[in-house]
Amino acid sequence: MKNNHTYIGPIHEVLPMTGLPERGAVADSDLKRLTAQGILMKNGKIERVDKHGTILPEAQKLGAEIHILNGKYCALPGFLDSHTHICYAGSRAHDYAMRNAGKSYLEIAEAGGGIWDTVTHTRKATEDDLVSRIARRANLLLSRGITTIEVKSGYGLSPAEELKMLRAIRKAQKRTPATLIPTCLAAHTIPREYKGNAAGYIELLVEELLPQIREERLSARVDAFIEKGSFTPENIRPYFKKAQELGFDITVHADQFTTGGSRVAVDFGAVSADHLEASTAAQIKLLAQSNTVATALPGATLGLGGSFAPARKLLDQGAVLSIASDWNPGSAPMGDLLAQAAIFGVFEKLSNAEILAGITTRAAKALNLGHKVSLEKGNPADLVLFRTDSYANILYHQGQLKPDQVFKNGKQVFKTALS
Ligand code: NIG
Ligand code: FE
């Protein structure tokens, strides 16, 4: 059974991310820190996490593929980026410069830039071209320790073009070891062809697109951007209602500039409400008392300016907080989850434990993964290793300490050229 077992050790410090509260605030003292460990993986799953001295002989007996580490390393579950738009063509560097010269995101969108510019480029791209772009970006994220990546459509904005995007995401799965979780964001904004007729566009999505996605099993998740200039809480209802009937999970771009989306998210029992930069006391309370994960997207704040989502208040009131990159060409071009999460923690006063839970166990909840991601027997052997003697250095270096190795389903899929 030689090829089925993989072993790595000794690992100076393992953060299994087990035993943490599912919601609310978490102190660093709640983090379990195991020392001098080894991790035995079997058929892509974690088999055992224990003292190196104890399980190395067992791994040898099993004929495992053995990775012996020299120096001090810290291992955590692979990170999850629960909100990205990495299926796109074109650049919005011009928008970025215009914003920094004083124009607002909404003004640029109204002037024909913004999301519509990316729609134009993405519609022109072939499916294969999009496959390459997604795979390239996903593999870059994998090298940064992200082993599960949500990927939205939403730059097609017609049934044919949205299907092209979702099929491209499916094909890209064959070109990256990272798990891609596709989400239909056909209700990203109202396409030009339906200007002034949001209801007509929604009807098209309900009648044609959602059943087809189900039929081809292209996605199990549906998202919408509820915002001034895009969809209102009222006109999005038939879309989410149909999505629910067809068994999709719902997620919402909510409260980015104006409030309203989080109410819809909670009413529909959405798995997550994402953005929340504009959320005030009422929305914070609503989310904290619901089962909808509050997903903060600090990359959008760093891309647009403005305020961060009120993560500290959300956690203190008991919300489940996930943190994602929102990588997209417009509002969040950086795409570096670890750097963003670390910087976000400085501004929102988040403990290391809250940040790390936000990109591992709590991000898994936002994606309704159906399995756990903590490092314990039976869970996927997805792990990231940093060359450092303490986990605290990972966030301290604000994204500049890069992973040394990444394992996905028990296989080493990245190793730095530096070691
Ligand atoms: O999550 N807010 C809406 N959608 C994206 C931005 C997409 C874009 O600007 O291209 C977001 O920030
Ligand atoms: Fe987004």
Side-chain angles (χ1 to χ4, degrees), residues 81-99 103-123 125 133 137 149-157 161-162 165 181-191 221-232 236 250-262 264-265 270-279 293-309 322-335 337 340 363 366-367:
D81 194 338
S82 67
H83 182 138
T84 86
H85 305 251
I86 60 170
C87 179
Y88 68 86
S91 158
R92 302 249 293 280
H94 184 61
D95 285 12
Y96 185 83
M98 270 168 70
R99 272 200 309 275
K103 294 264 181 278
S104 78
Y105 185 68
L106 291 180
E107 277 168 353
I108 293 168
E110 273 155 22
I115 292 172
W116 193 257
D117 181 60
T118 304
V119 171
T120 308
H121 285 93
T122 305
R123 283 182 175 181
R133 289 170 195 271
R137 292 169 187 143
I149 308 164
E150 189 256 15
V151 187
K152 299 178 193 296
S153 65
Y155 293 123
L157 304 188
E161 291 294 328
E162 287 291 312
M165 293 187 75
I181 311 260
T183 302
C184 168
L185 178 58
H188 198 179
T189 194
I190 301 157
R221 296 161 45 87
V222 161
D223 191 353
F225 184 24
I226 298 182
E227 189 53 68
K228 191 170 157 277
S230 286
F231 297 92
T232 64
I236 206 63
I250 288 171
T251 174
V252 184
H253 277 72
D255 302 358
Q256 185 180 11
F257 304 108
T258 55
T259 55
S262 52
V264 178
V271 288
S272 74
D274 304 24
H275 271 296
L276 313 176
E277 294 90 325
S279 298
V293 174
T295 298
L297 306 173
T301 300
L302 295 170
L304 298 175
S307 51
F308 287 104
S322 166
I323 305 170
S325 76
D326 195 21
W327 188 3
N328 73 71
S331 62
M334 183 208 268
L337 177 63
Q340 293 167 0
L367 291 172

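The first residue of the sequence shown is numbered 1, and numbering continues consecutively from there. Whatever order the structure lists them in is the order used to number ligands and atoms, beginning at 1.
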- Query: Quick one: do the D326 and H83 side chains pair a donor with an acceptor below 3.5 Å?
  - Reply: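 A pair is found: one side chain offers a donor N or O, the other an acceptor, under 3.5 Å apart.
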- Would you say the side-chain atoms of Q340 and S325 include a donor-acceptor pair closer than 3.5 Å?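 No, S325 and Q340 have no side-chain donor paired with an acceptor closer than 3.5 Å.
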- Would you find more than 12 non-hydrogen atoms of other residues, nucleotides or ligands less than 6.0 Å from Y96 atom OH?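 Counting neighbours around OH of Y96, 12 or fewer heavy atoms of other residues, nucleotides or ligands fall under 6.0 Å, so no.
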- Query: What about Y155 and H188, are their ring centers closer than 6.0 Å?
  - Reply: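 Centroid distance Y155-H188: below 6.0 Å, so yes.
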Give one line per pair: atom of ligand 1, protein atom, distance. Only N/O to N/O under 3.5 Å.
{"unit_1": "ligand 1", "atom_1": "1 (O)", "unit_2": "H85", "atom_2": "NE2", "d": "3.4"}
{"unit_1": "ligand 1", "atom_1": "1 (O)", "unit_2": "H253", "atom_2": "NE2", "d": "3.0"}
{"unit_1": "ligand 1", "atom_1": "1 (O)", "unit_2": "H275", "atom_2": "NE2", "d": "2.9"}
{"unit_1": "ligand 1", "atom_1": "1 (O)", "unit_2": "D326", "atom_2": "OD1", "d": "2.9"}
{"unit_1": "ligand 1", "atom_1": "1 (O)", "unit_2": "D326", "atom_2": "OD2", "d": "3.0"}
{"unit_1": "ligand 1", "atom_1": "2 (N)", "unit_2": "Q256", "atom_2": "OE1", "d": "2.7"}
{"unit_1": "ligand 1", "atom_1": "4 (N)", "unit_2": "H188", "atom_2": "NE2", "d": "2.8"}
{"unit_1": "ligand 1", "atom_1": "9 (O)", "unit_2": "R92", "atom_2": "NH2", "d": "2.8"}
{"unit_1": "ligand 1", "atom_1": "9 (O)", "unit_2": "Y105", "atom_2": "OH", "d": "2.6"}
{"unit_1": "ligand 1", "atom_1": "10 (O)", "unit_2": "R92", "atom_2": "NH1", "d": "2.9"}
{"unit_1": "ligand 1", "atom_1": "10 (O)", "unit_2": "R92", "atom_2": "NH2", "d": "3.4"}
{"unit_1": "ligand 1", "atom_1": "10 (O)", "unit_2": "Y155", "atom_2": "OH", "d": "2.6"}
{"unit_1": "ligand 1", "atom_1": "12 (O)", "unit_2": "H275", "atom_2": "NE2", "d": "3.3"}
{"unit_1": "ligand 1", "atom_1": "12 (O)", "unit_2": "D326", "atom_2": "OD2", "d": "2.9"}
{"unit_1": "ligand 1", "atom_1": "12 (O)", "unit_2": "S331", "atom_2": "OG", "d": "2.6"}

- Nearest-0.5 Å distance, NE2 of residue H275 to NE2 of residue H253: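 H275 NE2 to H253 NE2: 4.5 Å, rounded to 0.5 Å.
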- Can you name the nearest heavy-atom pair linking A324 to D81, along with the distance?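 It is CB-OD1, 3.4 Å.
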- Which atom of G114 lies closest to which atom of D95, heavy atoms considered: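 Scanning both residues completely, I find the closest heavy atoms to be N-OD2, 3.0 Å.
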- Should the pair Y88 and W327 be assigned to parallel (<30°), tilted (30 to 60°) or perpendicular (>60°) ring geometry?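 Ring orientation of Y88 relative to W327: perpendicular.
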- Number of protein N, O or S atoms [distance to the Fe ion (ligand 2) under 2.8 Å]: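 Step by step: take the Fe ion (ligand 2), keep protein N, O, S below 2.8 Å, and you get 4.
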- Query: If only atom types and distance count, is the side chain of D255 paired as donor or acceptor with the main-chain N or O of G261 below 3.5 Å?
  - Reply: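 Confirmed, D255 side chain pairs with G261 backbone.
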